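Single-structure report; data block below.
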Amino acid sequence: MKIGLYPGCSLTGSSREYYESVMAISKALDIEIVELPDWNCCGATAAHNLNKELSLSLPARNLAIAEREKLDTIVVPCAACYSRLSVTQHELHENPELKSRVAEILEMEYHGTSKIINVIQFFEQFATEKIKEKQTKPLGFKVACYYGCLLVRPPKILNFDRPEDPQSMEKIMKSVGAEPIEWNYKTECCGAAMSVAKTEIVGRLSGDIVEDAAERGADAIIVACPMCHSNLDMRRPEIEKYKGKKLPIPVLYLSQAVGLSVGLEKKELGILRHFVKVDLPEKKVEVKEIKENKAEIIVT
Amino acid sequence: MSAHSHQVEKNNLISLIKKDTGVNIHKCYQCGKCSAGCPVALDEMEYPPSMIMRLLQTEDAENEEAVKKSYAIWVCLTCEMCYTRCPMEIDIPTVMDYVRQVSIKEGKTNPKAKSIISSHQAFLDSIKRTGRLHELGFVMGYKLKTFEMMKDATLAPTMMKKGKLHIFAEKIKDKAHINNIFKKTEKK
Ligand code: SF4
Ligand code: SF4
């Protein structure tokens with residue numbers, strides 16, 4: 001089965017390592033992914049702040065392209081794009097008048113039949129077994145799974161995991177031998193919308209997130225959104241300034257963490273592109289019986 | 001008197017919001033859960049979200065003006081926490097979107113929000129040109145709008161080194177289509 005990919009703009013620029021890691025892990029797991037031809041920007045926060053019709057038409061064009069290409073399922077690794085595409089599909093479904101207006105603006109057919117999934121769902125639905133089969137390097141370190149806002153909210157539209165204490169990323173991380181920690185900030189906002197205009201807000205909000213993860217003993221923060229990643233990683237100087245201390249904890253994409261567990265190299269997963277150096281603790285513990293049906297794996 | 005107040009009710013903001021978005025702010029009973037969970041209510045907003053709901057409920061013209069002119073509507077991050085926790089399921093982020101657009105249309109935007117609005121506009125300018133966001137072009141456009149020339153000056157070199165910054169914009173093939181979408185949605 002072919003799965004459509006809507007990368008979104010961040011994945012072609014500041015978060016290209018997310019793109020690289022999604023592609024690398026899909027290849028390693030033999031999952032066929034096809035990028036939507038000639039996709040356009042979803043409009044992000046800017047469009048729905050300033051112009052409602054535009055904010056629906058931009059995502060709808062991509063959904064219409066997916067329909068035309070007969071890509072029934074589209075994976076959207078960026079949580080912000082995932083939210084915009086899902087909200088658009090929902091609103092047009094609820095409001096037939098708006099739906100025909102948007103089809104008229106687009107001059108394209110739009111039915112709203114695509115299944116839109118985020119990267120966590122992608123792993124859950126297409127890779128659970130394959131990850132188990134191909135796992136050669138169980139991670140063995142502690143992780144703080146960070147969801148942020150748009151993967152889980154608003155639950156009425158997204159219908160994915162629990163909005164206050166989601167567990168789906170933890171489940172995947174456990175399956176690759178990592179140990180998820182309990183912490184307080186997994187669904188707090190990092191301030192993404194203000195990333196350029198009000199950097200000080202980002203410093204404060206993202207600072208609280210990074211500090212809590214570090215203080216509770218996580219070795220890495222795991223994210224599934226390029227906005228979250230750039231705020232927690234590239235904005236680390238602002239964070240450290242706000243907190244008045246060094247906070248060297250690295251931030252990995254879920255796709256990178258899973259990639260490491262099946263033996264992919266840091267470079268092919270784009271991990272060397274991060275601002276905060278990714279130094280992960282060497283395995284001290286012996287991980288036994290990570291696979292039910294295979295012999296024990298001992299990692300040193 | 002009653003005929004008059006009826007007419008006022010039809011044109012006030014709370015009724016327009018109900019009519020255009022379906023969100024019924026009258027259901028708010030001021031429990032304050034939205035404000036308690038809002039990440040910017042305490043430090044940034046002059047009116048936290050529950051207060052904005054209350055101001056609109058009064059249907060008082062002066063209070064509506066205060067909301068339209070507020071900084072709070074612009075500093076809202078659309079994080080969806082309020083909507084998720086509201087026991088009455090009031091979609092506050094949609095209300096914020098609506099009021100922002102009214103505020104722009106009526107020329108009532110808060111002066112403190114200038115940089116935020118400029119960043120949204122620079123973002124849209126960038127995708128209007130090429131169909132996709134060109135991050136460097138977006139930040140440069142923002143700087144030209146705000147004259148904050150030194151902002152993030154230290155970020156670019158490292159991004160460049162890490163291969164994260166494109167000098168040239170990535171363009172989609174059917175740029176005319178995007179242009180047309182902008183034109184059709186801007187007209188109204
Ligand atoms: S949470 Fe809902 S009901 Fe409570 S104050 Fe906020 S808007 Fe009103
Ligand atoms: S969406 Fe806006 S008002 Fe609601 S909690 Fe988030 S920042 Fe506050």
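All values derive from a computational prediction rather than experimental measurement. Proteins get letters first, then strands, A, B, ... in listed order; numbering begins at 1 in each.
With chain B as partner, the option from A:H274, A:K52, A:R204 having the largest number of non-hydrogen pairs under 4.5 angstrom is A:R204. Top candidate by heavy-atom pairs under 4.5 Å with chain A, chosen from B:H177, B:K173, B:Q121, is B:H177. Residue with the most contacts toward chain B among A:L150, A:D38, A:N40: A:D38 (heavy-atom pairs, distance under 4.5 Å). Chosen from A:C149, A:A192, A:P237, A:A44, the residue pairing most often with chain B at heavy-atom distances under 4.5 Å is A:C149. No other option in A:C189, A:P155, A:P154 has as many heavy-atom pairs under 4.5 Å with chain B as A:P154.
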Requested in this report: Decide side-chain contact (heavy atoms from CB on, under 4.5 Å) for B:K171 and B:R132; before the verdict, give the C-alpha distance in whole Å, the side-chain angles of both, and the deciding distance to 0.1 Å.
Outcome: CA-CA 6 Å; B:K171 296 185 183 92; B:R132 289 184 193 167; over 6 Å; no
Requested in this report: Under the salt bridge (charged side-chain N to carboxylate O under 4.0 Å, His left out) rule, what do B:K68 and B:E106 come out as? Steps first, then yes or no, please.
Outcome: CA-CA 9 Å; B:K68 290 181 203 168; B:E106 298 182 4; 2.9 Å; yes
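Scanning all heavy atoms of the two residues, the minimum distance from A:R235 to A:N231 falls at CB-O, 3.0 Å. Residue A:C42 comes nearest to A:Y6 through the heavy atom pair N-OH, 3.1 Å, listed as atom of the first residue, atom of the second, then distance. Contact between A:P226 and A:Y253 at its shortest, heavy atoms only, is CA-OH, 3.4 Å.
Heavy atoms of A:E17 lying under 4.5 Å from chain B belong exclusively to its side chain. In this structure, the portion of B:I104 lying under 4.5 Å from any heavy atom of chain A is its side chain and not its backbone. When heavy atoms are compared at a cutoff of 4.5 Å, A:L272 approaches chain B solely by way of its backbone atoms N, CA, C and O. Within the 4.5 angstrom heavy-atom criterion, atoms from both the backbone and the side chain of A:R273 approach chain B. Of the atoms belonging to A:L54, heavy atoms from both backbone and side chain fall under 4.5 Å from chain B. Only the side chain of B:I127 comes within contact range of chain A, with heavy atoms under 4.5 Å apart. The contact between A:L106 and chain B is made by backbone and side chain atoms together, counting heavy-atom distances below 4.5 Å. With a 4.5 Å cut-off on non-hydrogen atoms, A:E238 touches chain B through its side chain but not through its backbone. Both the backbone and the side chain of B:L133 come within less than 4.5 Å of a heavy atom in chain A.
Residues of residues 88-98 of chain B having a heavy atom under 4.5 Å from any heavy atom of chain A, listed by number: B:E89, B:D97. Using a 4.5 Å cut-off between non-hydrogen atoms, the part of residues 43-54 of chain B that approaches chain A consists of B:D43, B:E44. Contacts of residues 78-90 of chain A with chain B at a heavy-atom distance below 4.5 Å are absent; not one residue qualifies. For residues 72-79 of chain B, a heavy-atom distance under 4.5 Å to chain A picks out B:W74, B:V75, B:C76, B:L77, B:T78, B:C79, given by residue number.
Taking 4.5 Å as the limit, some side-chain heavy atom of B:K128 sits within range of a side-chain heavy atom of B:E186. Contact check for A:W39 versus B:I172: no side-chain heavy atoms found under the 4.5 Å cut-off. By the 4.5 Å heavy-atom criterion applied to side chains, A:L205 and A:E188 are not counted as neighbours. The shortest side-chain heavy-atom distance between B:I178 and A:R61 falls under the 4.5 Å cut-off.
Using a 4.0 Å cut-off between charged nitrogen and carboxylate oxygen, A:R101 and A:E97 do not count as a salt-bridge pair. Taking a cutoff of 4.0 Å between a charged side-chain nitrogen and a carboxylate oxygen, A:E164 and B:R85 qualify as a salt bridge. The residues B:E65 and B:K108 are annotated as salt-bridged, a charged nitrogen and a carboxylate oxygen being separated by less than 4.0 angstrom.
No more than 12 heavy atoms of other residues, nucleotides or ligands shown are found within 6.0 angstrom of NZ on A:K267. No more than 12 heavy atoms of other residues, nucleotides or ligands lie within 6.0 Å of CD in A:E265, so this atom counts as exposed by the packing criterion.
Note that OH of B:Y71 and OG1 of B:T109 are 12.5 Å apart. Values are rounded to the nearest 0.5 Å. Separation of atoms CG (A:D233) and SG (A:C228) is listed at 12.0 Å; rounding is to 0.5 Å. Rounded to the nearest 0.5 Å, atoms CG (A:L63) and CD (A:E67) are 7.0 Å apart. In this structure, OH on A:Y19 lies 6.0 Å from CG on A:L5, to the nearest 0.5 angstrom. B:H120 NE2 to B:R100 CZ: the interatomic distance, rounded to the nearest 0.5 Å, is 6.5 Å. From B:F123, atom CZ reaches atom SG of A:C9 across 6.0 Å, with rounding to the nearest 0.5 Å.
A donor atom on one side chain and an acceptor atom on the other are found under 3.5 Å apart for B:N180 and A:E107. Checking A:S10 against A:S15 by side-chain atom types alone, no donor-acceptor pair falls below 3.5 Å.
Taking the six-membered ring wherever Trp is involved, the centroid distance between the rings of A:H229 and A:Y18 does not fall below 6.0 Å.
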